[in-house]
Structure formats: C-alpha cells, structure tokens
Amino acid sequence: AVQCDVLLDDVTESRLLGLVEAAKEHIFIYTHRRMAITADDVSLEDVIPIDLDFAVVESSPEELVLVADTRVRVSYKDESLELKLPFGSHSRRFLGEVIRAWSDERARSSGPAPTDESPVLAVPQLGLRDNLIRCELLKNEDLYIYREHFFFLGTYNVNGQTPKESLRPWLSCTPDPPDFQELDLSKEAFFFNDTPKEMEWTKAVSDALHPDAKYALQVKLVRLVGIMLLFYVKKEHAEFISDVEAESVGTGIMGRMQGNKGAVGVRFRFHNSDVCVVNCHLAAHVEEYERRNQDYKDICGRLQFRQADPARPPLTIMKHSVVFWIGDLNYRISDLDAADVKDLIGKKDFEMLHAYDQLKRQIEEEAVFVGFAEGEIDFQPTYKYDTGSDLWDTSEKCRVPAWCDRILWRGKDISQRHYRSHMTLKTSDHKPVSSLLVVGQIKRVNGDSYKKTLEEIVRNLDKMENECIPSVTLSKREFHFEEVKYMAHQARTLSIVNDGQVPCQFEFIRKPNEATYCKPWLTANPPKGFIAQASADVDLEVFVNRTTAPDLNSGKQEMEDILVLHLERGKDYFISVTGSYLPSCYGTPIRVLCRLREPIRDMPRESLRQMAEKPLDIPKELWMMVDHLFRNAIKQEDIFQQPGLRSEFAEIRDCLDTGAADSLGGNHSVAEALLLFLDALPEPVVPFAFYRQCLECCSDAVQCEKVVSALPQCHRNVFNYLAAFLRELLKNSASNRLDVTIVTIFASLLLRSPTKQDLAEKRKAREFFQHFL
Amino acid sequence: MAKQYDILFRILLLGDSGVGKTCMLRRFTDREFDTGHISTIGVDFKMKTLEIDGIKVRVQIWDTAGQERYQTITKQYYRRAQGIVFVYDITSESSFQHIVKWATDVDEYAPEKVQRILVGNKSDEEPRRRVTREEGSKLAERYGMDFFETSASTSHNIDKSFSRVTELVLQAHKRDVDNLLGSLDDYLNKAGLDESGQDKVGSIQRVCGCARIF
Ligand SMILES: Nc1nc2c(ncn2[C@@H]2O[C@H](COP(=O)(O)OP(=O)(O)O)[C@@H](O)[C@H]2O)c(=O)[nH]1
Ligand SMILES: [Mg+2]
C-alpha cells in the first residue's frame, strides 16, 4: 500500500492505495483520516480492476524539477485519475508492482497490444536507466581482467580465554600474504559480554597478520554474544570494496533473544563480485546434528542484507556469488567411541574417520550445506584438548575428538590451497583452523576501458532516449488562404506524419496571454489526437463571421496566426496561417459605410478609418438591397419568410463589396442578405447606448419618436429608411402575405441588446418599432 | 550507491537563424554534422547526460526557431531555462550584432539566476571570418559571460562549451543541489533502516519542497 495524492481539478486529496490480488489484481482506493493507524481510519472508496481496460502512464512533469513526486495517470475505460505519489522507493516499488500486474494481464491476453483506445505513450521508466547501465556493463566482458585473489579464512573457538600467545603460527602461516582475512574468534560462553577481551583478541589478531602486507580492518562484528568476526583486507584492495553490510541472527527458540548460538554475516562487493562470509556457531552435543541442520537452514533463511538501494529486495546469503562459511559448526564424530577415534587419529587414518563425521554424512545426504564444498581434512580433529596442551580432553566427560571447526565455500572458480589446523596454539580447548582459498571469478574492471565503455553506454542511452522523443513531420509549415470572404468557409489539410519511434499525442496549445489556441476565425479540426504509427490529418478551417469581421474589415487585425502544435513529452512545432481577407460591408459600421463612396474592396484599408468629406445619407449597400426589393419584391409572396440560396448570398455579397452593377439575385436571397447585413452590423441601427431608453418608452409613441430623432444622423436615416420600406411592404400584405412576424424580425435586428435579450424585452422592442409602421 | 534520481537542467540555444544552433546540438548529442540547413520552426530538444564533479547531470537542450516572427512565442520558453548559450556566426556581422538584442530579451524573460555563455560558431571558416576573436571576447566580458569559439563542423570546443554552461548552472544551484542530494541520501538511508512508515511522508515532502526550487 502507498499513500498518494489524487488530483481533482485544482484540489488534491490524500488517499491510500492498495494493490490487492483477488482472481485478478485490483487497485483499491481508500479515503483516510489524517493519519491512518487502524482499520477504522480508512474506508474503501473505489476499486480499479487491472485488466485490459486499465492503463497506467507515468507523466513527466512539465515544469522542471530535480526530483519529482511521481505523477501517474491511471485510467480505466473512460475514466482516469491523476495521482501523485511521493518520491521514494516505496512508491517506486508500488508502481513497479502495478505495472507488473498490468503487463502480466496484457501478456495473458496475448492479443495485439491495445493501440488507439489505450494510449500507452511511453514505457514507464521506473528507475530503468541505472539498471540498463548496469546490465550493459555486465554484458561487456572486454572490460574486465580476471585475477586470482587469496582469501585466508580462519576459525578459532577461543573458549572465553584471553590471548596468551602469538597468533602468528595461525594467521601468518602462508608464504605470501593473502588478500583477505576473515577470522572467526568465537567463544564458548553464555552471556559473554566482556569487551576488554574483544579488544585483546582484536589486537592479538592485528599483531599476528602476515607481516609482508598492510591490512585494513574492514569489519569487526560482535553482534551475537560470543561470536566475533574480523574481516581484514589488504590496503590496496580497500577502495574496491563497497556495499559492506553486516547482519546477525540468533538460532533456536530462546536463541532469538539471548542465544550464544547463531550466526553473523558480512557481505561486500569487491569489484564485480558479491562476497558473503558467514560465521556461525551451531548447537552443541553429539546427538543434536539435526538441530544443527535446522540452525543452518534457519540462518540461510533469516540472514538477509539490506541493499543500498532500498527499492531492491534484501539479499540472502545464497544470492552471493562467493560464500564462505566458517565457524564452530559443532558436528561431531559419532558411532565410534573415543578410544577407536583416537586410535584412527594415531594411525592418521583420517579417511576412515570421515565416514563417521556427521557433517560429511549430512552433506552427503544433502541435509545441509547443499552446494557447498569443503576441502579434504588431513589434520586431526581440533576439539577437544586440555587447555594449554595437545592432550585430548582428560576431563571426566572425556569427549570424543571432533572436527567441530570447519571452513566451507560456495561459488565458481574457487580452489583451496590449504586446509589445516594449527597445533602449536594452546590457549583454548579448540585448535584454530585455517583455509587459504583462491578465488578466480573476481573480475576487476580495467579502469580506462571501463570509463570509455560507460561513456559509450550513457551516450547510447541518451541516443535511444532522444530517438524516443516523439517526433512528427508536417506536410506544410505555412498555410495561406487566398481571397477569404465574409461567411465563406475555406479549409486546408495538414498532414501530421509520425516519423518518431513512439506513438505520439498531439495538441494545439495556447500561446501565453491568449485565451484559445488560435484566432477566432480559425479552427483546427481535430485540435488534438493520437497517432499510433501512421499519420493524422487535421483540417485547418477559416471562417469569418459577424464576430470576427469588424476588426478584419477595418484592418485593425490582420489575418495572421501561429499555431503551436505540441507533442506530449516532445517538441513544439510552429505553423503559420495567413490569409488575404477581402473586406466586406458585412460587419462594417453604418457610420463607416456612409463615408464610402466607392465599393469597400476598392478602398485602401486605411481610408476605412479616416473621415471622408460629406457622408452619404445611408450606406449605398443598404440602398442597393432595399432598392432591389422595392422594385422587384414588394408583392413577392412569402418575402422575408422564405430562405435564400447560399450561392446567391455569395454573389450578392460580392456585388455589394465590389459595386458590380448586375442584378443582385433572387428576391428571397436579397431579403435574407439584407437581414444578414443588419445582423452583422457591429453597432446596430439603434445603437446599444439607446437600447434601454427605447424599451423604457416603448408604450409612448411620442417618446419613441423623440429617441429616434436623437440617434446619430446616419443611424437615424437608416432607421427611417427601413421603417418606410416596411410600411410599403405591409401595405401589400395581401400579396406578399406579410404579417406581424416581420415586425418582430426587424425589431430584433434594429434593437439588439448588448447582452442577451429575454422574452419581455423582445416584446417591448416590437412594441417600440410598431409605432413607426 | 545506486542513485535513482537525476539532476535535470534546461539549457536554451539562442541566436539568429542559420548561425548553427541545430548543428551544434546534433554534434553534441549525436556526434554528427549535416551541411544542410533546415530551419528549425518550433522548439526542439535533446537530452544529454554529463558528469560534472562526480554528479550526474542530465541536460535538456532546447533549440529554438531563430526567425523574428516566432520570437514572441519563443520568448515564453526562456522562463524555463537555467542556462543559455548565445550563438552567433563568426562569418556574419549581423548575427553578432543581434546578440545584444537576444541578451536584452533574456534579461527581460529569463529567470534571474540564469547562466549564460557566448559562443561564436563556425570557427572552421577562418577565411570568411567577419567577427574577430577579440570582438567576441570583449562582448562576452562586457556581459560577464564565458566565451568560446566553436565549430559544429570540426567539433572544436563543442563539448567544452556545453559542459561549461552546465557547470555554471550546477554552481549557481550548488546549494540547492547539495541540500537535495544530502536530504535524499538521508532519506534513502533512513528509509532503509526504520520500518515505521509514519514520519516518512513528512520527510519526503521536505525533499520535494526543495526539489521545486528550480
Ligand atoms: N562551416 C560550418 N558550417 C556550419 C557550422 N555549423 C553550422 N553550419 C552550417 O550553417 C547552416 C545553418 O546551420 P543550422 O544549425 O541549421 O543553423 P540554426 O538556424 O542556427 O539552427 C547549415 O548549412 C550548416 O551546415 C560550422 O561550425 N561550420
Ligand atoms: Mg535550427
């Protein structure tokens, strides 16, 4: 389980997530109180099954962060959740598990990977990089030089004694100094807690190390009472040792708490090998060999080393490529009485004796130390002597001699140079044992080529990563629309070809300080999408309507825009869109039109904003339409009721804008064009500023007249002109079948509300206009 | 210790169109050089891992469109950069003169702490040189920037200039980086040792608090 934040729009809320396996795996989402301690503090909120409809994508934060919380989007069918998991191994591990469950699920279904429905945009890189580098390095054998390393292992049960003699005969018995020394100096004593003695033994050991080399003490362990492990390494090797960890376990029921039996272990990394040394002291007594077997298994199971990287599971002994196991294993010689044993020892018939050695037998039966090797024992048993002598135990117990003190190993390329006891030492009732092992598997790195290779690997990874940045090619970077006219739709196709190595998600994004991703006269359709492999087409559409026309007509705005096409986790592309807009009377204010003696398209753009000498009474475009209708359509049946033709509208617009003298078109089309003209006026015939006033006096004819007479002159002219025209039309209502609806239509166009018009206002507007008909 | 976190910096290449920004980036990340010029329209980026003072740094290098008309948009990307490489072309007087304008824009839009260097590219084109080394180095001095002449074509000084700007950024953010790495190590160590999850959340949030410094 893991704590996380769920991002809901702007707020974040804390939840607990659990990964639960029940037939299939599920993520359980719990709400919780501030600090969830007991089960009552949490309650189940939601369950997300991990199946084919499930997806988890790790999103990279847009803003730069050094170390980010991990953000993931978990989706199931159409729903998705943004989660923020706290930085750290715990979250990584949880996500790792979720992703494992998810990929298992997909593997199980074995169909083709889901494509369009579940946009798996990126393989989540959960700490992948370091692992990749490690794997790559391991593969590259040329980097390494193999060299033999000598490990000196010694075990000496000092039986609680203080050092009384030099340990040199034991520790410096090899002609050359070994690379490593791992020494067991265990003591047979309950609750042994005599630190001065530890110090003394440590000093005795240091003094007795091989005089031809300098050693550094790496680890001194006295974790369990009575078990002491010293680990020395030649100074020159020290820098190649890393990840040193030490652990201990007690064995037996009470052992866990207080035992003098159990094991201590040290692990470390030396060049590229993981080495583990276990020193144990197993259960005593001849008949207890099965307990000793059990202690061994217990130690193997429970002695675990944490890893430097907390995301990785702890290492057990057997995970190491080199394991040394030393100590007073306490296996005895059984089924022979003391006299027979001593007789065989006298004859140096150790081979015969081996047959009675419990450890040899147990190993043969694979009951213990499976996979371990032990060298030939051709020294006499190391237990039990009368302290201070080489005499076998003369106490009344008169113990049978035994090879209690042993040294075993496990791993490839390990051979033994010697395995012996050291009879000259007489301090304890045990004799020390030593073994010199040669380990050939340790590969040390060839510094220079390692560095080069590492750089190479990192460069390749960078390259791979760069290749995995989503990338596309665009069919065109610049779009130009010729002759863009009012209410005339134009479209061009932009093809986006995915030329990258990964599927990509594209979206036109907003530029800073702009409300939308493009100008209002432009749309991209679709504005976002997903390209698995091939390509996607986006239509860029241009359409100028009554909202956008005024600024384009006046030249206040040019038809220019830059679209920013953003690829998720990838680059941004700029696409420039321009158009040559042909100004129109549609969307041009009455005031301006009255000053245009020439057709609007013939006018230089600047002049649209300048004053001409004497204005026209009304816009000539308005006159052209009304005049046409007056001459041709005064008796036209269903005039202003029947819709016009789109194609005719385009012609009428062009006639008006270019001043072409031809007949405008069909009556219905002209009628509609007139209405569209009124609708497109940026400032209605009754300017917005007069709107309220008109509604307030709508029941009073005189007041209404007064308001109209106060309108700006060109607006007043237009108003009166249109009213006169309508009166003419209404006179002919017998033929053209006009009724009051025409009043409503015109009223709503002449008196437009600056905001939204409600029904009551509509009624008042009509009442106002009615006075003039 | 296997560190599963990286330090990430953003570095921006700025300069007139055609001075060789895209080529420099390609040379640095892919060790390749193209003679063709396809003008960058938009913003492109590549990743590169560098080791500086034993710290693994990943830089995200942004290559921008140099054309005038895109500049209102590209300026918005300055905000996110910790390092800026101003590039001119030693065979083009105007590209050198424009550095002043680029630098002014950066003063206006980029974060205060931003680290800048000046690069005169195409140093292989000695015969066609229009801007002397001294002029370049003088301008750099005036702005308090380090100066390099580079060639994307021969690789001359390419690695060096990118490493330098990264180094400067690292130094400028040294305290934050130390805090961050320090507290991370603390955190990782603690996380391994104590099994009680309770106060971990607190320490994580502290870590991330300083992670947001940039
Ligand atoms: N001789 C020479 N030519 C270069 C060098 N760098 C770039 N170029 C050329 O200059 C042109 C523009 O390069 P490019 O990287 O596209 O410029 P950008 O617009 O700044 O990205 C290309 O034709 C390159 O081949 C260089 O170091 N030496
Ligand atoms: Mg470029």
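Chain letters run A, B, ... following the sequence lines, proteins first and then strands; every chain starts at 1.
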_Ionic contact status for A/E456 with B/R31, cut-off 4.0 Å_ =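 Looking at A/E456 together with B/R31, the answer is no, because their closest N to O distance does not fall below 4.0 Å.
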Margin query: Salt bridge check, B/D44 against A/K571: does any charged N sit closer than 4.0 Å to a carboxylate O?
Written below: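 Salt bridge between A/K571 and B/D44, a charged N being under 4.0 Å from a carboxylate O: yes.
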For A/E467, is it the side chain, the backbone, both or neither that has a heavy atom under 4.5 Å from a heavy atom of chain B?
->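 A/E467 has no heavy atom closer than 4.5 Å to chain B.
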Take a 6.0 Å sphere around [atom1] of [X] and say whether it holds more than 12 heavy atoms from other residues, nucleotides or ligands.
| X | atom1 | result |
| --- | --- | --- |
| A/K451 | NZ | no |
| B/K75 | NZ | yes |
| A/K511 | NZ | yes |

- Who among A/Q307, A/R269, A/E560, A/R477 has the most heavy-atom pairs with chain B under 4.5 Å?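 Highest number of pairs under 4.5 Å: A/R477.
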task = Against chain B, work out which of A/L567, A/L474, A/I469, A/L565 has the most heavy-atom pairs shorter than 4.5 Å and name it.
result =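 The residue among A/L567, A/L474, A/I469, A/L565 with the greatest pair count is A/I469.
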For this session: Kindly indicate, with the supporting measurements, whether the criterion side chain to side chain contact (heavy atoms under 4.5 Å, CB included) is fulfilled by B/T49 and A/L461.
Result: CA-CA 9 Å; B/T49 308; A/L461 279 179; over 6 Å; no
| request: Taking A/D572 for its side chain and B/V43 for its backbone only, find out whether a donor-acceptor pair lies under 3.5 Å. | output: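 Checked: no pair found.
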With sequence neighbours left out, write down each residue that passes side chain to side chain donor-acceptor pair (under 3.5 Å) with A/E514, or none if nothing qualifies.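 With sequence neighbours excluded, A/E514 shows a side chain to side chain donor-acceptor pair (under 3.5 Å) to no residue whatsoever.
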inquiry  = A/N466 and side-chain contact (heavy atoms from CB on, under 4.5 Å): which single residue from B/M47, B/R26, B/K48 fits?
reply    =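 Answer after filtering B/M47, B/R26, B/K48: B/M47.
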message = Working to the nearest 0.5 angstrom, can you tell me the gap between B/T29 OG1 and A/K463 NZ?
response =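 Those atoms lie 10.0 Å apart.
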Does anything in residues 85-95 of chain B form a salt bridge (charged side-chain N to carboxylate O under 4.0 Å, His left out)? List the pairs, not counting sequence neighbours.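 Qualifying pairs, neighbours excluded: B/D89-B/K122.
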Would A/I562 and B/I73 count as a side chain to side chain contact (heavy atoms under 4.5 Å, CB included) here? Give the steps.
CA-CA 9 Å; A/I562 293 171; B/I73 306 177; 3.4 Å; yes
Item checked: Nearest atoms (heavy-atom pairs only) where A/R569 meets B/F45 ->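 For A/R569 and B/F45, the tightest heavy-atom pair comes out as O-CZ, 3.5 Å.
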